Amino acid sequence: MNTHTSDRPPTRIALVGGGAAAVCLLDRLARTPAPGGGSITVFEPSGNLWRGRAYQHDTDAVLANIIPAEMSARAGDPDDFLRWLRESELPYGQGDYAADGHFPPRRVFGGYLERTAENAIAALSLGGRPVDLVRDAVVAAREAGDEVVLTTSDGRRHTFDYVVCAVGAGRPADHYELGGSPGYFGDPYPLRDTVAAVPRTADVTVLGTGLAAVDAVVSLAAHGHRGRITMASRNGALPAVRQRPVFPEVRRFTPAALHAAAARTADGRIALGDVLDLLAAELAAHGADPSLVLAELFSLAGEAPIDRLRRQYADIDAADPGMRIMQHAVPESGPDAWTLMRSEDQEFIRENHYRAVMSLCCPMPPANARKLLALHEEGRLRVLSGLWNVKPLARDGFHVAADGGEYESDVVVNAVSAPSHRVPAQARPFVDSLVEDGIGEYHPHGGLHVEPSTSRAVGAGRAHRRMHAIGDMGAGTLFFTSGMPSVLERADDIVRALVEDLTTGPHATDHPDATGHAAVPTPFQEQPA
């Protein structure tokens, strides 16, 4: 619905980045009444429009690691992706959860994102809010009174009322300065191109042991690679194996309970012990043993990677539901728990349990675990920890040094996590300008400081109502930013904040509700697409 009034100028919104986060924002905007009407501009210079890096066209071996029932890009409609799969006559999300083919390739989800974006753009245009697409990079931003001026790489200036920074994740860091060396692949994606360029009998080292590294290994195997593959990282931490999901009613470890606990403290912060107590109470209420969950958390340091993988794969249907409850409850309540936690406890988790938490919260599909175990049993895969050096040989190839010994490898595929600053190189001038202008400030643990409840950028000691950040750009503040459920929740927060600012700000003309505040739409008040 377009509620434009004569005394309210149309609202101009910019989305800097055209990946999955932008799709969620467009869909949410299309189903939200627009005070004053207006327009939306999306800036995306890459060839992965609406798909982003994560869901670009790639080999079918690159799988989504979230169950299809939790991958909707539409707030308030969790079955949207499953419905699209059925309407498109695609077989994913059906049959046995642990079987091959249950988890869709990420390129398939990219197709769903494209459809969702197209439908949202059509709905917005029909509602009098046109969407403009600019295929140039934004290189600078500055505040000009009540507006934000963006400059693109072609030198043009664009003026907006609200801007959302949705630039996505950075590329892998070249820790060993191997760029330009023959046989070195600095970014594994798209893997269809990488694996096609690797000789099938080559000895391959994959740097990293996270989800991207798993993608690289299973893609090599699917392409018919016959040589040895080594996954190597400093900690050897493989992603956990996603257990068969359960959907319990969470009553104790909830955002409301966490905020209530924080409200009872003098500083509005909760201790790690309080968070664990609430989580333990939730687990116990469902018949789970909290000590088993803690044991899983600590297993990373004391168990060999392949042994841990084998055990977790065997526990897909474990009798104790603790890990499955964790995988259900933490994505919903974890962001609130993190932002309410005392800073010293946050530092403790980052320094001691970061890899373990990421392993458990970002697990691999059972099909990928099965493929890794089969490769290991065939003697074609090993996982090394304690990686400390990789250097090119005088002839072709590389010398690799880890705690388990030193060896030579023909090919190195860099699949380590994105750099800690989490700012893509092409977006660095834009984000630097935000900081230089005082609109934002870098967070020491990644991205920009953001206001947790609204994802507004924080700079010069205040939250800037006209600038938001979503995705990995908020990772330092929010910790939990990866995966569609998190992105969808942040998009919902941002649109709510935009509407609230419009309806209660200096140009608001809406009638206040009984509390004296202008009404803000809820998911139940959204307009149909």
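Given the structure is predicted, the values throughout are model-derived calculations rather than measurements.
- Using modelled atom types, one finds no donor on one side chain facing an acceptor on the other under 3.5 Å when comparing Glu70 with Ser72.
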(Q) One pair to check against side chain to side chain contact (heavy atoms under 4.5 Å, CB included): Ile494 and Ile470. What are the steps and the verdict? (A) CA-CA 9 Å; Ile494 289 170; Ile470 190 171; 3.9 Å; yes
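- A salt bridge links Arg244 to Asp96: one of the charged nitrogens lies within less than 4.0 Å of a carboxylate oxygen.
- Residues Tyr112 and Arg51 bring no donor and acceptor atom of their side chains to less than 3.5 Å of each other.
- Using a distance-only test at 3.5 Å, with no hydrogens or angles considered, a donor-acceptor pair links the side chain of Asn414 to the main chain of Ala173.
- Judged by distance alone, the side chain of Glu451 and the main-chain N or O of Ser453 form no donor-acceptor pair under 3.5 Å.
- Judged purely by distance below 3.5 Å, without hydrogens or angles, the side chains of His328 and Glu332 never pair a donor atom with an acceptor atom.
- The closest side-chain donor-acceptor pair between Ser125 and Arg129, if any, does not fall under 3.5 angstrom.
- Listed for the Thr59 side chain is no donor-acceptor partner under 3.5 Å among the backbone atoms of Val62.
- Ring pair Tyr92/Phe109: centre-to-centre distance not below 6.0 Å.
- A side-chain donor-acceptor contact under 3.5 Å links Arg308 to the backbone of Leu238.
- A salt bridge is defined here as a Lys NZ or Arg NE, NH1 or NH2 lying under 4.0 Å from an Asp or Glu carboxylate O, and Asp187 with Arg53 meets this definition.
- In this structure the side chain of Leu309 reaches within 4.5 angstrom of the side chain of Met364, judged on heavy atoms.
- A donor-acceptor pair under 3.5 Å is absent between the side-chain atoms of Ser39 and the main chain of Pro130, judged by distance alone.
- The side-chain heavy atoms of Gln243 and Gln312, taken from C-beta on, include no pair separated by under 4.5 Å.
- Under the 6.0 Å cut-off for aromatic ring centres, Phe43 and His158 qualify, their centroids lying closer than that.
- A salt bridge links Asp493 and Arg490; the closest N-O separation between the charged side-chain nitrogens and carboxylate oxygens is under 4.0 Å.
- Residues Val16 and Phe430 form a side-chain contact, since some pair of their non-hydrogen atoms from C-beta on lies under 4.5 Å apart.
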Q) Could you walk me through whether Tyr442 and Val423 pass the side chain to side chain contact (heavy atoms under 4.5 Å, CB included) check? A) CA-CA 10 Å; Tyr442 283 114; Val423 180; 4.0 Å; yes
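- In this structure, the side chains of Thr41 and Leu15 stay at 4.5 Å or more apart for every pair of heavy atoms.
- Between Val195 and His225 there is no side-chain heavy-atom pair separated by less than 4.5 Å.
- A cation-pi geometry, defined here as NZ or CZ lying under 6.0 Å from the six-membered ring centre and within 45° of its normal, holds between Arg466 and Tyr162.
- Taking the charged nitrogens against the carboxylate oxygens, Arg12 and Asp161 do have a contact shorter than 4.0 Å, which makes a salt bridge.
- A salt bridge is defined here as a Lys NZ or Arg NE, NH1 or NH2 lying under 4.0 Å from an Asp or Glu carboxylate O, and Arg311 with Glu296 meets this definition.
- Between Arg106 and Asp60 no salt bridge is recorded (no basic side-chain N to carboxylate O distance below 4.0 Å).
- Arg107 is not listed as a side-chain neighbour of Tyr55, based on a closest heavy-atom distance of 4.5 Å or more.
- Each of Asn48, Asp215, Asp58, Thr194 was compared with Tyr189 under the side chain to side chain donor-acceptor pair (under 3.5 Å) criterion, and only Asp215 meets it.
- Counting heavy atoms from C-beta outward, Val108 and Trp84 have side chains that approach closer than 4.5 Å.
- A donor-acceptor pair is defined here as one N or O able to donate and one able to accept, closer than 3.5 Å; no such pair exists between the side chain of Arg324 and the backbone of Pro248.
- Taking a cutoff of 4.0 Å between a charged side-chain nitrogen and a carboxylate oxygen, Asp77 and Arg83 qualify as a salt bridge.
- A 4.5 Å side-chain heavy-atom check between Cys24 and Met484 finds at least one atom pair inside the cut-off.
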